[in-house]
Amino acid sequence: MPISPHAPGPVISQAAAGAVVHTDTTVGSATHCPYCALQCGMYVAKGEITPREDIPANAGGLCQKGWTAAELLTSPDRLTTPLLHGSPVSWDEALDYVATRIGAIRAAHGPDAVAVFGGGGLTNEKAYQLGKFARVALRTSQIDYNGRFCMSSAAAAVNRAFGMDRGLPFPITDIARAGAVLFAGGNVAETMPPFVRHLTAMRSGGGRLVVVDPRLTQTAKMADLHLQVTPGTDLALALGLLHIAIADGYADADYLAARTTGFEEVRTSVSAWWPERVERVTGVPVAQMREAVRILGEAERAMVLTGRGAEQHAKGTDTVTAFVNLALTLGLPGREGSGYGCVTGQGNGQGGREHGQKADQLPGYRKIDDPAARAHVAAVWGIDPADLPGPGRSAYELLDALGTPEGPKALLLFGSNPVVSAPRAGHVTRRLDALDLLVVADFVLSETAAMADVVLPTTQWAEEAGTMTNLEGRVLLRRQAAAPPPGARSDLEILRGLAERLGCAEKFPADPRTVFDELRRASAGGVADYSGITYERIAAETGVFWPCPETVRQPHSDPHPDPHPDPHPGTPRPFLDRFATPDGRARLVPVDHRPPAEDVDEEFPLYLTSGRVLAHYQSGAQTRRIRPLTQASPEVFVELHPDLAERLGVAPGDRVRVRSRRGAAEGVARVSTSIRPDTLFMPFHWEGVNLLTNPALDPTSRMPEFKVCAAAIERCAEDGERVA
């Protein structure tokens with residue numbers, strides 16, 4: 001079935017966010033927003049944006065970032081010529097230089113001397129090809145990606161609980177049918193505004209919303225109940241909620257007996273977390289905790305959701321596990337209209353972690369140290385399984401090792417900007433500077449690209465085709481909607497060009513559909529099985545949910561299997577009959593609270609937490625180049641409570657300096673009662689904020705502790721003024 005490049009669009013009258021507005025009823029290529037994991041559907045024609053009605057995640061809505069996304073296509077900051085040590089060169093000269101330097105570094109130091117760092121915004125095809133390139137063309141184990149900084153703790157927790165990590169294991173539209181939602185550590189009203197329509201629909205139907213957050217965010221303002229925790233204490237709160245749920249009779253005994261294991265051990269472990277103790281640790285009143293449990297426990301359908309606020313901690317895996325334990329105790333996962341879900345953040349945060357750009361993973365969500373997984377993928381790639389490297393370093397550990405005697409001497413970086421986005425960013429910048437070779441593929445000169453020996457100008461979202469997998473596990477098709485500027489090449493073309501020079505061009509096609517068809521074969525039989533998904537099916541069905549084998553699997557015991565089984569329909573709700581564990585039961589796992597890796601003290605008496613704002617995305621490399629977005633949010637700010645501001649003599653608009661044990665950063669003071677008196681908030685879209693954050697790692701997920709560290713604040717002196 002051919003894929004039409006055009007589709008009918010709705011009549012639009014929307015002048016928000018500086019968008020180009022039009023009223024054509026037939027518009028250009030059907031594609032998806034370049035930003036968050038909702039992957040909002042849109043049409044793009046001649047630089048104009050129209051939202052699509054046929055994608056349930058946004059159903060005709062867009063946020064400010066989506067409305068203005070077309071400005072990226074004509075940004076004056078676009079790179080169109082490769083740069084070698086800052087000077088323009090031809091593509092042949094740039095790729096020849098990179099391949100020659102890679103060869104010399106590998107010859108001197110071995111294959112692991114060359115590392116690869118990817119991104120959660122890359123298409124499935126590019127993420128897959130990047131993982132393959134590292135292991136086949138470079139033979140290196142040193143590959144990871146910035147998605148490790150995003151949802152890795154939730155992935156680790158739900159893998160051990162359910163046997164499979166899919167952000168939302170149900171369609172996003174199920175949220176509207178719930179009677180209650182508890183959302184821990186997410187601010188979707190600013191990070192992905194079209195998500196709010198689903199919460200609004202839930203509340204309009206009589207459902208209630210509980211939000212856990214140290215700040216009274218825009219999402220918390222929507223809530224029926226806001227649990228304003230002390231930063232770093234989400235785990236203690238989850239344990240207290242579970243204690244109350246059991247003590248107050250909300251545990252679903254029949255469900256626990258039929259569908260889970262481990263409840264008795266968890267019951268024993270949470271007995272120590274009685275409500276009054278939890279109140280002392282978290283600052284959340286006992287009455288509010290009991291009300292939150294009552295709201296969840298009495299709803300016919302309920303959901304527990306987590307975001308980065310609960311996950312970006314050195315104990316993030318255990319924190320998510322505690323919220324999963326709460327959901328399981330209430331009997332929610334695997335019931336239609338109920339469950340646990342992780343609200344994935346990055347554009348392809350789900351698909352990006354499924355197909356091999358993680359240090360410990362192969363395509364299809366296979367483990368790289370599993371002999372059967374290695375044999376399957378090696379057969380697809382046409383190599384000996386023994387030639388596949390083993391697990392490498394996780395993202396921060398990889399960045400921390402760059403340029404050291406034992407670490408990589410060269411780095412190829414695609415779709416990431418760690419100078420801004422990595423924790424302890426000053427240290428990471430020094431490690432990048434210590435490399436013998438830094439190669440960055442990007443379409444603008446990001447802060448990291450500005451440091452590179454070689455910069456390779458890439459195409460961007462609307463200039464290329466490929467697939468993305470949104471937060472609900474729906475595989476979507478991104479069509480090409482605009483011609484790239486002369487001189488820009490896709491990441492797939494760049495990898496092919498390097499592969500040609502490394503002697504393995506035939507293994508690295510540059511056509512996205514060809515790459516996707518190979519991805520299908522490589523993922524077949526894996527947890528994230530895409531083998532039954534094709535570009536044609538995605539177009540015809542407006543996305544296909546994985547797992548989706550080629551056909552409906554028939555029981556091995558069937559003596560007369562159908563010789564022509566039906567195509568698999570995809571799996572919107574994978575846990576209705578059984579979980580993806582060997583025995584089909586979900587695992588409750590005992591966990592215990594511990595303080596932040598770095599607690600407050602006399603020198604650093606305040607908690608610092610960070611996050612996103614409405615106008616910007618990730619490191620801001622894209623959104624800080626869009627005029628309406630920079631007008632809406634022009635610079636970094638520091639949010640602090642009026643009591644703290646009065647004590648420091650800080651007025652709104654003053655410049656303040658925030659210090660941690662790793663560095664200092666400045667911003668404009670915003671004084672607000674929305675934040676706790678003991679807490680500061682800074683958005684991380686600008687260089688400097690992550691100079692402060694703590695790189696302490698979760699022992700399971702290797703997630704850094706972005707969300708809390710000890711800090712101090714002072715007002716910056718004006719000219720000629722002394723500040724004590």
Side-chain angles (χ1 to χ4, degrees), residues 1-10 26-33 37-44 50-61 123-125 128 164 166-177 194 197-198 336-337 341 344 347-348 350-351 354-355 364-365 465-481 512-521 523-524 526-553 564-576:
M1 171 183 170
I3 303 173
S4 171
H6 302 284
T26 299
V27 293
S29 293
T31 186
H32 295 271
C33 183
L38 277 179
Q39 282 301 290
C40 292
M42 57 172 59
Y43 301 104
V44 181
T50 305
R52 291 167 61 184
E53 299 277 356
D54 60 334
I55 302 299
N58 65 306
T123 63
N124 291 317
E125 292 81 358
Y128 169 83
M164 186 182 89
R166 205 180 80 186
L168 297 183
F170 44 78
I172 194 170
T173 49
D174 279 5
I175 294 172
R177 304 167 55 199
R197 68 173 58 230
H198 305 287
E336 189 167 341
T344 301
N348 196 28
Q350 182 66 60
E354 295 167 1
H355 298 300
Y365 230 136
T467 60
M468 308 286 277
T469 305
N470 75 354
L471 78 173
E472 56 183 348
R474 188 192 299 261
V475 184
L476 300 162
L477 185 60
R478 178 186 280 179
R479 295 175 176 87
Q480 183 177 349
R513 184 193 292 260
T514 303
V515 175
F516 187 76
D517 285 342
E518 183 180 295
L519 179 158
R520 293 170 56 213
R521 298 195 302 275
S523 72
V527 173
D529 190 334
Y530 280 38
S531 60
I533 304 175
T534 64
Y535 277 27
E536 288 77 13
R537 278 196 64 179
I538 298 171
E541 301 172 30
T542 322
V544 181
F545 288 94
W546 72 261
C548 183
E550 283 198 272
T551 59
V552 175
R553 287 179 178 148
H564 303 289
D566 293 332
H568 195 284
T571 315
R573 302 177 183 86
F575 302 144
L576 293 181

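We're numbering straight along the sequence, starting at 1. Computed from a predicted structure; not experimentally measured.
Remark: side-chain polar atoms of His32 are not paired, donor with acceptor, to backbone N or O of Thr467 under 3.5 angstrom. Between the side chain of Glu125 and the backbone N or O of Arg513, no donor-acceptor pair lies under 3.5 Å. With hydrogens and angles ignored, the 3.5 Å screen pairs no side-chain donor or acceptor of Gln350 with any backbone N or O of Thr469. Remark: side-chain polar atoms of Arg537 are paired, donor with acceptor, to backbone N or O of Gly532 under 3.5 angstrom.
At a threshold of 4.5 Å between non-hydrogen side-chain atoms, the residues Leu38 and Ile172 count as touching. When side chains are defined from C-beta on, Gln39 counts as touching Met468, because their heavy atoms get closer than 4.5 Å. Between Arg52 and Thr542 there is a side-chain heavy-atom pair separated by less than 4.5 Å.
The minimum heavy-atom distance between His355 and Asn124, with the atom names listed, is CD2-OD1, 4.0 Å. For the residue pair Met164 and Val527, the shortest heavy atom distance occurs at CG-CG1, 3.2 Å. Residues Thr123 and Arg478 approach most closely at CG2-NH1, 4.1 Å, considering heavy atoms. Considering every non-hydrogen atom in both Ala37 and Asn470, the closest pair reads O-CB, 3.1 Å. Closest non-hydrogen pair, Pro169 versus Pro574, comes out as O-CD, 3.3 Å. When all heavy atoms of Ser531 and Ala524 are compared, the pair lying nearest together is CB-CB, 3.7 Å.
Ring geometry for Phe516 versus Tyr535: interplanar angle of 30 to 60°, hence tilted.
For Arg166 and Glu354, the salt-bridge test fails: no basic side-chain N is under 4.0 Å from an acidic carboxylate O.
Distance CD/Glu550 to OG1/Thr534: 10.0 Å, rounded to 0.5 Å. The distance from atom OH of Tyr365 to atom CH2 of Trp546, rounded to the nearest 0.5 Å, is 7.0 Å. Summarising the geometry, atom CG belonging to Asp54 is positioned 4.5 Å from atom OH belonging to Tyr43; distances are rounded to the nearest 0.5 Å. To the nearest 0.5 angstrom, Ile533 atom CD1 is 8.5 Å from Arg520 atom CZ. Here CZ of Phe170 is found 11.5 Å from CD of Glu336. Values are rounded to the nearest 0.5 Å.
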Practice item. Could you walk me through whether Asp529 and His568 pass side chain to side chain contact (heavy atoms under 4.5 Å, CB included), step by step? Key: CA-CA 11 Å; Asp529 190 334; His568 195 284; over 6 Å; no
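A side-chain contact (heavy atoms from CB on, under 4.5 Å) with Met42 holds for exactly one of Cys33, Pro51, Ser29; it is Cys33.
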